[in-house]
There are 2 protein chains.
Amino acid sequence: MKIRAPKYEQIAEEIRKRIRDGIYQPKTAIPDQNTLAKEFGVSRMTIKKSLDGLSMAGLIYTRRGDGTYVLGDIPLKIDTNSPAQKHTGLTAELGSRLSSQVIQFTTIMPTEELMEHLKINHDEPVLNIIRLRLVNKEPYVLEHTYMPKKLMPNLNNRVLKHSIYNYLEKDLNLKLGGAYRKIHADFSNNLDIRYLGSQPNDPILEVEQVAWLQNGIPFEYSFSRNKYDTRSYTVLDINPANA
Amino acid sequence: MKIRAPKYEQIAEEIRKRIRDGIYQPKTAIPDQNTLAKEFGVSRMTIKKSLDGLSMAGLIYTRRGDGTYVLGDIPLKIDTNSPAQKHTGLTAELGSRLSSQVIQFTTIMPTEELMEHLKINHDEPVLNIIRLRLVNKEPYVLEHTYMPKKLMPNLNNRVLKHSIYNYLEKDLNLKLGGAYRKIHADFSNNLDIRYLGSQPNDPILEVEQVAWLQNGIPFEYSFSRNKYDTRSYTVLDINPANA
DNA sequence: AAGTGGTCTAGACCACAGA
DNA sequence: CTGTGGTCTAGACCACTTA
């Protein structure tokens, strides 16, 4: 973790705690910004920045001229499905219950589609990886991944059995920038039937993804295919209109 | 529109324009914050706030100690599918090409599930609406919607043929707060086959949604079902780690 | 060492909601 | 009218990257 977080984060964390502990109750106002500024011994701008973060996280909402209110439980059930808007990969999500089976690991030359999605030239080789991810030894998702070879100098089988994202952030010290995902429904194909154990007519939930680093360089184009009854994709969308 | 936007928004808009016009080129640094502050005649804090917004929107990224860079085109194709992270409803998305056919419009008492999702008591009636939305006269999506009756005093057939979201924001002056969505794949059911024209074995893309107002009150629980080949759900996810 | 962005202050004024 | 949150300033110091 960090040696020292900024004040506004520390304060946000304390307020988060007070909401969790019920000191600040849902639907009720929390102290005004001036009062909080005095309590924490900081300027009001700093309090404002803390509250902005909590507001974006959907814990509170503010009404100009009125006050700041705790926004009771958001009506959602976080279940075993994937949390929204995280691209830390499956490993962080499911931890040790996860294992991987590498089905294919080859180097290819890019198709037109890959050149476009990964923003590379026709002569730059691409890694083509197919992995079956298992949760508690049960087939969970079949991942087809394409990555520019030049970005992943030492990617090997050992890494593939664990987390590519950890390898990027820890070993290569690259920062994730974002991801664009498209979610479809589809029929099962032969690989799905073989590895996921789906029936020929079973629907498949497919997540197509382009992910890029903080400097805008795309590093991954992938398809994740799940049996219709094993996974949903969830999105939590807080309206930024309260800025 | 607004009479007068805050300075930081005006400046952000100007910078956005310069990126669009190629005055600030992808992959290159834009002027530093002090220079921009002088140019626009504002304090650096205000410039910072402009850049924060652009950063969150994924147009630029900043590196402490280094500079601020334009983040070239994000590798994504916005096609006819739904834009990400908008809950303004289909009307804003597709405009006049959209029409609606109200298949069912009744008042029911809530099930356990509805009570939980809409946070209401067992004696509070719920509107149950089934609408077929058509784009260019073609069946597009079948929407099952549940809303607490008390929140929608004058909802009528005329509104249902247009936009419930407009009704909320314009007529009732309520502000949307957020939405939680779960995307599944499923088999076609009888209603899908009848209204969407899908085949019995066709996969369906279903978006299950709970939406709430800015004060945290849930106002809608709904299912939107699309034929697998007519729609994808897209998500654009910018990593907030560059704060 | 120089220059960048990130944080923070102690005020000020404005816009808005509610009594 | 009072009190609230939203914006903005003119500086200061710190953390970091690059040379």
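Order of the sequence lines sets the chain letters (A, B, ...), proteins ahead of strands, with each chain counted from 1. Computed from a predicted structure; not experimentally measured.
As judged by a 4.0 angstrom heavy-atom cut-off over every strand, B:R63 is placed among residues touching the sugar-phosphate backbone only.
With no hydrogens or angles considered, no side-chain donor-acceptor pair links B:Y233 and A:R181 at under 3.5 Å. A:D66 and A:Y69 form a side-chain donor-acceptor contact under 3.5 Å, judged by distance and modelled atom types alone. If you check the side chains of A:T35 and A:D32, you find a donor sitting under 3.5 Å from an acceptor.
Note: CG (B:L36) to P (D:dT9) measures 13 Å, nearest angstrom. For the pair B:I11 CD1 and D:dT9 C1', the computed distance is 13 Å after rounding to whole Å. The distance between atom CZ of A:F40 and atom P of C:dT7, rounded to the nearest whole Å, is 18 Å. Distance, B:D52 CG to C:dC8 P: 13 Å, rounded to whole Å. Here the P atom of nucleotide C:dT7 and the CD atom of A:Q10 are 12 Å apart, to the nearest Å. When the P atom of D:dT2 is taken as reference, atom CG of A:N34 falls 16 Å away, rounded to whole Å. Regarding A:I30, its CD1 atom lies at a distance of 16 Å from the C1' atom of D:dG3, rounded to whole Å. Note: NZ (A:K48) to C1' (C:dG6) measures 17 Å, nearest angstrom.
Contact between the side-chain N/O atoms of B:T62 and the OP1/OP2 oxygens of C:dT4 is not found at any separation under 4.0 Å. Between A:Q33 and D:dG3, a side-chain N or O to OP1/OP2 separation shorter than 4.0 Å is absent. The shortest distance between the side-chain N/O atoms of B:K7 and the OP1/OP2 oxygens of D:dT9 is below 4.0 Å. Phosphate proximity of C:dT4 to B:T68: absent, as no side-chain N or O sits under 4.0 Å from OP1 or OP2. Dashed line: the shortest gap from a side-chain N or O of B:Y8 to OP1 or OP2 of D:dC8 is not under 4.0 Å. An OP1 or OP2 oxygen of D:dT7 is reached within less than 4.0 angstrom by a side-chain nitrogen or oxygen of B:K49.
Closest-nucleotide positions on DNA chain D for A:G67 and A:M45 were compared, and the one nearer the 5' end corresponds to A:G67. Taking the nucleotide of DNA chain C with the nearest heavy atom to each of A:I47 and A:D66, the more 5' of the two is matched to A:I47.
B:Y221 has its ring centre less than 6.0 Å from the ring centre of B:F223.
The side chain of B:P6 has D:dT7 as its nearest neighbour among D:dT17, C:dG18, D:dT7. Taking only side-chain atoms of B:R64, from C-beta outward, the nucleotide of C:dC16, C:dT7, D:dC16 with the closest atom is D:dC16.
Here the side chain of B:S222 pairs no donor or acceptor atom with the backbone of B:T145 at under 3.5 angstrom.
B:R44 contributes a side-chain N or O that forms a donor-acceptor pair with the base of C:dG6 under 3.5 Å.
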